[in-house]
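Heads up: the structure comes next, in structure tokens.
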Amino acid sequence: MTATPDTRQAAQRIYAAIRAIPAGEVAGYGEVARRAGLPGRARLVARLLSTGGEPGLPWHRVLRSDGRIAFPEGSDGHREQRERLRAEGVEVSGGRVVGRRARPTLDETLWGPPR
DNA sequence: GTTCTGACTGCGA
DNA sequence: GTCGCAGCCAGAA
């Protein structure tokens, strides 16, 4: 790849943003990208994960803006993500997150809460 | 070098 | 609620 320092750094920020998602909570690709300082680069986030991402990365907490799993229902990845989320107390039905607003409240849960 | 593709998003109908 | 379209960026062929 052209692995420019900028791109690599961006990837690291994205990874950090994903790791910052607390268990039992979910975040959208766009949200993660924004937190990483890359607004509008949700696709980059998705691509990073699809190309391997990082070991131990809670990628299953990353959903689409609709709060749905990015994988098509019935897919292997879809099934795995659903299981992982359920293990953390997040119920998923019909590819949709239940018991929690689809719109990830990352802002409030992560960096912008109480205070 | 150009072209295609993709774990996406937002808006309008 | 769903469906379609355009915009967007980065990597792979």
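For the numbers below, each heavy atom of this structure counts, side chains included, while hydrogens, waters and symmetry mates do not. All chains are named by letter (A, B, ...) in the order of the sequence lines, taking the proteins before the strands, and each is independently numbered beginning at 1.
Summarising the geometry, the separation between CD1 on Ile14(A) and P on dG11(C) is reported as 10 Å, rounded to the nearest angstrom. Following rounding to the nearest Å, Arg68(A) (CZ) and dG10(B) (P) show an atom-to-atom distance of 16 Å. Distance, Leu85(A) CG to dA7(B) P: 18 Å, rounded to whole Å. Summarising the geometry, the separation between CZ on Arg84(A) and P on dA7(B) is reported as 18 Å, rounded to the nearest angstrom. Nucleotide dA6(C) holds its P atom 14 Å from the CZ atom of Arg43(A), rounded to whole Å. When the P atom of dA7(B) is taken as reference, atom CD of Glu80(A) falls 15 Å away, rounded to whole Å. What separates CD of Gln9(A) from P of dA10(C) is a distance of 14 Å, to the nearest Å. Following rounding to the nearest Å, Leu48(A) (CG) and dC8(B) (P) show an atom-to-atom distance of 13 Å.
Counting any heavy atom pair closer than 4.0 Å across all strands shown, Leu44(A) reaches sugar-phosphate atoms only and no base atom. Residue contacts shown for Gly30(A) are limited to sugar-phosphate atoms, with no base heavy atom under 4.0 Å away.
Side-chain contact between Val45(A) and Arg41(A) is absent, with no heavy atoms from C-beta onward closer than 4.5 Å. Taking the side chain as every heavy atom from C-beta outward, Trp59(A) and Arg84(A) approach each other to under 4.5 Å. Val32(A) places a side-chain heavy atom less than 4.5 Å from the side chain of Ile21(A).
Taking 4.0 Å as the cut-off between side-chain N and carboxylate O, Arg61(A) and Glu88(A) count as a salt-bridged pair.
Within 3.5 Å, no donor on the side chain of Arg41(A) pairs with an acceptor on the base of dC9(C), nor the reverse.
Taking 4.0 angstrom as the limit, Ser65(A) places a side-chain polar atom (N or O) nearer than this to OP1 or OP2 of dT9(B).
Ile69(A) and Arg82(A) get closest at one heavy-atom pair: CD1-N, 4.1 Å.
Distances from the side chain of Ala70(A) to the nucleotides dA7(B), dT2(C), dG6(B) place dA7(B) closest. Looking at the side chain of Arg47(A), the nearest of the listed nucleotides dA10(C), dT2(C), dG10(B) is dA10(C).
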